[in-house]
Amino acid sequence: MRQFQKQTKKKEAKNTSLVKKWVSLVALTITVSFLVFSVIIYSIVSQQFLNQERQVAETVVENFEHRLNSINKELQISNVVPALSPTTQRILNGGPTISAADNNTSSTENGFSDDILQNLTNQDISVVIFDKSGDIVFSNGKNQADFVTDITHKEEQLKLYLGKQSLTIYQPIRSASSHKIIGYIAVTDDMSSFNSMMEKVRAWMIGISIVATIIFILISYFIIRGIVWPLNAMSKVARQINKDPNSDVRIPDLKRDDELGELAKSFDQMLDRVQGYIQQQKQFVGDVSHELRTPVAVIEGHLSLLERWGKNDPKILDESIDASLQEAERMKHLIQEMLDLTRAEQIDIQYPNEVTNVSEVLTRVVSDLQLVHKDFTLRLNDDLNEDTMIQMYHSHFEQLLIILIDNAIKYSTNRNEVIISSSVEDGEAVVSVQDFGEGISESEKSKIFNRFYRVDKARTREKGGNGLGLSIAQKLTQSYHGQISVDSVLGSGSNFILRFPVLSKKEVKQLNKKKEKAQRGK
Ligand code: ADP
């Protein structure tokens with residue numbers, strides 16, 4: 001017992017870990033997805049802005065190169081500064097000093113006359129010009145780039161320092177006339193707007209990722225918990241049934257219209273069915289041993305009589321053999337009926353899509369039985385349309401009719417007549433089997449459908465009855481969602497009435513289709 005409880009606890013722990021596992025998996029998937037998504041977006045945005053910054057730096061390089069390539073000699077302070085600043089040149093040449101007019105002689109008048117240094121308004125850009133040997137001949141005094149030797153073409157360096165990026169473009173400056181390298185230029189862009197923008201993008205992405213992950217974890221936790229609790233309820237019921245197979249515990253109504261609700265219902269139905277089978281099995285074994293006891297005892301009695309002295313008396317011998325054979329026959333009949341009863345309880349699984357034409361079967365069964373019971377009048381009053389169909393396997397409908405008509409004949413007294421009528425009432429096919437025999441008292445009426453119930457045991461046994469016919473008839477009727485009832489007056493006769501829902505043409509078609517499909521699937 002203790003071990004069982006331990007196991008139960010272990011199982012519950014497993015279920016909890018299922019929630020944990022699922023939530024962790026969802027969290028991991030979402031985090032990784034957001035991470036990948038963020039990295040992709042971040043690199044696209046950063047590449048876009050970097051290109052813009054690169055263009056700015058390149059324009060500065062081009063402008064400076066344009067100014068400086070007119071110099072034929074190696075770059076020196078003396079030729080670089082005047083080239084970059086025509087105002088300075090003018091002052092060196094003995095012209096007027098800087099005046100307000102200098103600002104007005106803007107690029108609109110003459111692109112060459114403007115002061116390139118004045119135009120260098122971007123605070124992030126710093127320019128360094130080196131001579132051929134790497135000495136600085138000009139710098140706008142901000143971030144000074146290191147000299148890089150042996151460059152023949154434009155080169156780019158991206159540096160990351162304290163989480164901030166900067167871009168430096170190096171380019172040799174060639175004289176426009178000689179095409180020889182006369183110096184080098186290094187333009188550095190500190191990219192402060194880029195860095196602050198990317199910092200914001202990073203912060204937003206991390207923030208959004210964290211919030212989204214938390215939201216998704218919470219949502220998935222509630223969804224998964226919603227999925228797991230019905231499973232827990234099912235496993236609890238399964239454990240209780242495992243402990244006590246006869247327990248009538250069931251999964252409570254989950255009040256959900258989804259697969260889990262469906263599973264819970266099927267689970268309960270399965271339990272009902274399995275427990276029903278177990279019960280049937282038990283009852284079957286009990287009934288068999290009880291009902292077979294009498295014929296076995298009779299046969300045993302005859303055999304011991306023969307063993308003791310009867311075998312020497314030809315008359316006793318004949319009688320005993322006859323009686324034993326009769327009992328054996330009865331046993332055979334009894335076993336067959338008990339098997340029929342057991343099968344009648346499993347019908348909906350075996351024949352779910354069968355349809356039967358009521359009139360056709362009625363006519364056939366009545367004429368067959370009329371042949372066997374020539375001394376009886378079996379009258380058929382059939383008020384049904386030719387195509388009145390019910391959902392039932394035709395052999396079972398035949399079996400039902402045979403049980404009722406056989407009983408009517410068996411329990412008839414003076415009047416050898418049985419009336420079989422059929423009609424449709426309120427969408428139901430109604431079939432009745434009426435006899436004018438011994439009838440059934442009010443108190444017996446409710447009992448005659450019980451297994452092995454016989455009103456008069458000795459007399460019924462005489463007539464070969466086992467008390468199973470009506471049980472089989474009732475099980476068959478119920479299995480096909482029909483009803484069986486009896487009207488009877490003791491001494492005057494009985495009327496057994498069957499009711500089955502009539503199928504519409506559409507339903508018949510659907511059932512036939514289903515049947516074909518099922519057959520093809522086999
Ligand atoms: P059995 O094989 O003994 O006929 P049934 O289950 O068919 O078993 O019937 C149960 C009992 O109901 C019978 O033993 C009989 O007493 C009573 N019974 C059944 N049909 C009729 C009938 N048509 N008229 C009178 N009694 C009936």
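- In this structure, the separation between CE on Met270 and CD on Gln275 is 9.5 Å, given to the nearest 0.5 Å.
- The backbone N or O of Glu428 lies less than 3.5 Å from no partner atom in the side chain of Asp426, so there is not a single donor-acceptor pair.
- Annotation: the span from Asp382 atom CG to Leu362 atom CG amounts to 6.0 Å, rounded to 0.5 Å.
- Side chain to side chain, Asp340 and Gln336 meet the donor-acceptor criterion of an N or O pair below 3.5 Å.
- Here the CZ atom belonging to Phe194 is positioned 5.0 Å from the CD atom belonging to Gln165, to the nearest 0.5 angstrom.
- Side-chain contact between Ile224 and Val23 is present, with heavy atoms from C-beta onward closer than 4.5 Å.
- Between the Asn242 side chain and the Ala238 main chain, no donor and acceptor come within less than 3.5 Å of each other.
- For the pair Gln434 (side chain) and Glu417 (backbone), a donor-acceptor distance under 3.5 Å is absent.
- Side chains of Leu317 and Asp313 form no contact here, defined as non-hydrogen atoms less than 4.5 Å apart.
- Here the side chain of Glu327 pairs no donor or acceptor atom with the backbone of Val298 at under 3.5 angstrom.
- Ion pair Glu425/Arg499 flagged as a salt bridge, since at least one NZ, NE, NH1 or NH2 atom sits closer than 4.0 Å to an Asp/Glu carboxylate oxygen.
- A 4.5 Å side-chain heavy-atom check between Phe452 and Met338 finds at least one atom pair inside the cut-off.
- When atom types are taken as modelled, the side chain of Ser247 and the backbone of Val249 share a donor-acceptor pair closer than 3.5 angstrom.
- A pairwise comparison of heavy atoms in Pro230 and Leu260 identifies CG-CD1, 4.2 Å as the closest pair.
- The nearest pair of heavy atoms linking Phe376 to Gln370 is O-NE2, 2.6 Å.
- Other residues, nucleotides and ligands contribute at most 12 non-hydrogen atoms within 6.0 Å of the CH2 atom of Trp204.
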Side chains of residues 386-394: which donor-acceptor partners sit under 3.5 Å, not counting sequence neighbours?
{"from": "Thr388", "atom 1": "OG1", "to": "Asn385", "atom 2": "N", "distance (Å)": "3.3"}
{"from": "Thr388", "atom 1": "OG1", "to": "Asn385", "atom 2": "O", "distance (Å)": "3.1"}
{"from": "Gln391", "atom 1": "NE2", "to": "Pro352", "atom 2": "O", "distance (Å)": "2.8"}

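- Side chains of Ile241 and Arg250 form a contact here, defined as non-hydrogen atoms less than 4.5 Å apart.
- For the pair Leu400/Phe500, a side-chain contact is recorded, criterion being any heavy-atom separation below 4.5 Å from C-beta on.
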Output a table of donor-acceptor pairs, distance under 3.5 Å, between side-chain atoms of residues 206-223 and any protein atom two or more places apart or on a different chain; print 'none' if there are none.
{"from": "Ser209", "atom 1": "OG", "to": "Met205", "atom 2": "O", "distance (Å)": "2.7"}
{"from": "Thr213", "atom 1": "OG1", "to": "Ser209", "atom 2": "O", "distance (Å)": "2.5"}
{"from": "Ser220", "atom 1": "OG", "to": "Phe216", "atom 2": "O", "distance (Å)": "2.9"}
{"from": "Ser220", "atom 1": "OG", "to": "Ile217", "atom 2": "O", "distance (Å)": "3.0"}

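- Rounded to the nearest 0.5 Å, atoms CD1 (Ile403) and CD1 (Ile472) are 5.0 Å apart.
- Annotation for Val418 and Ile409: closest pair CG2-CG1, 4.1 Å, computed over non-hydrogen atoms.
- To the nearest 0.5 angstrom, Asp244 atom CG is 15.0 Å from Arg239 atom CZ.
- Counting heavy-atom neighbours within 6.0 Å of Asp257 CG, excluding the residue itself, gives a total of 12 or less.
- When the shell of 6.0 Å around NZ of Lys164 is examined, it contains 12 or fewer heavy atoms from other residues, nucleotides or ligands.
- Within the 3.5 Å criterion, the main-chain N or O of Ile484 finds no donor-acceptor partner in the side chain of Thr477.
- Judged by distance alone, the side chain of Glu507 and the main-chain N or O of Ser504 form a donor-acceptor pair under 3.5 Å.
- Under the 3.5 Å distance criterion, the side-chain polar atoms of Lys311 are matched with a main-chain donor or acceptor of Glu307.
- Across all non-hydrogen atoms, the minimal contact from Ala323 to His302 is CB-NE2, 3.2 Å.
- At a threshold of 4.5 Å between non-hydrogen side-chain atoms, the residues Glu398 and Arg364 count as touching.
- Heavy atoms from other residues, nucleotides or ligands lying under 6.0 Å from OH of Tyr42 number more than 12.
- Once rounded to the nearest 0.5 Å, the distance linking CE of Met234 with CG of Leu254 reads 6.0 Å.
- A distance-only check finds no donor-acceptor pair linking the side chain of Ser422 to the backbone of Val431 [under 3.5 Å].
- Residues Val366 and Leu401 have side chains not in contact (no heavy-atom distance under 4.5 Å, counting atoms from C-beta outward).
- The two residues Tyr480 and His396 make their nearest non-hydrogen contact at OH-ND1, 2.7 Å.
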Could you give me the CA-CA distance, side-chain angles and deciding distance for Ile440 and Lys447, then say whether side chain to side chain contact (heavy atoms under 4.5 Å, CB included) is met?
-> CA-CA 10 Å; Ile440 306 155; Lys447 299 179 194 158; over 6 Å; no
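- Look at Asp189 and Arg54 and you find no salt bridge, because none of the NZ, NE, NH1 or NH2 atoms lies under 4.0 Å from a carboxylate O.
- Between Gln474 and Ile448, every side-chain heavy-atom pair lies at or beyond the 4.5 Å cut-off.
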Mind running side chain to side chain contact (heavy atoms under 4.5 Å, CB included) on Val486 and Phe449 for me, showing each step along the way?
-> CA-CA 10 Å; Val486 60; Phe449 294 100; 4.3 Å; yes
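- Between Ile420 and Leu378 the shortest heavy-atom distance is CD1-CB, 4.3 Å.
- Judged by distance alone, with hydrogens and angles left aside, the side-chain atoms of Ser432 form no donor-acceptor pair with the main-chain N or O of Ile497 at under 3.5 Å.
- A salt bridge between Asp258 and Arg256 is present, with a side-chain N of the basic residue lying under 4.0 Å from a carboxylate O of the acidic one.
- Ion pairing between Glu516 and Lys513 fails under the 4.0 Å rule for side-chain N and carboxylate O.
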Side chain to side chain donor-acceptor pair (under 3.5 Å) evaluation trace for Ser412 with Asp435 | CA-CA 6 Å; Ser412 280; Asp435 64 68; 4.8 Å; no
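- More than 12 non-hydrogen atoms from other residues, nucleotides or ligands lie less than 6.0 angstrom from CD of Gln510.
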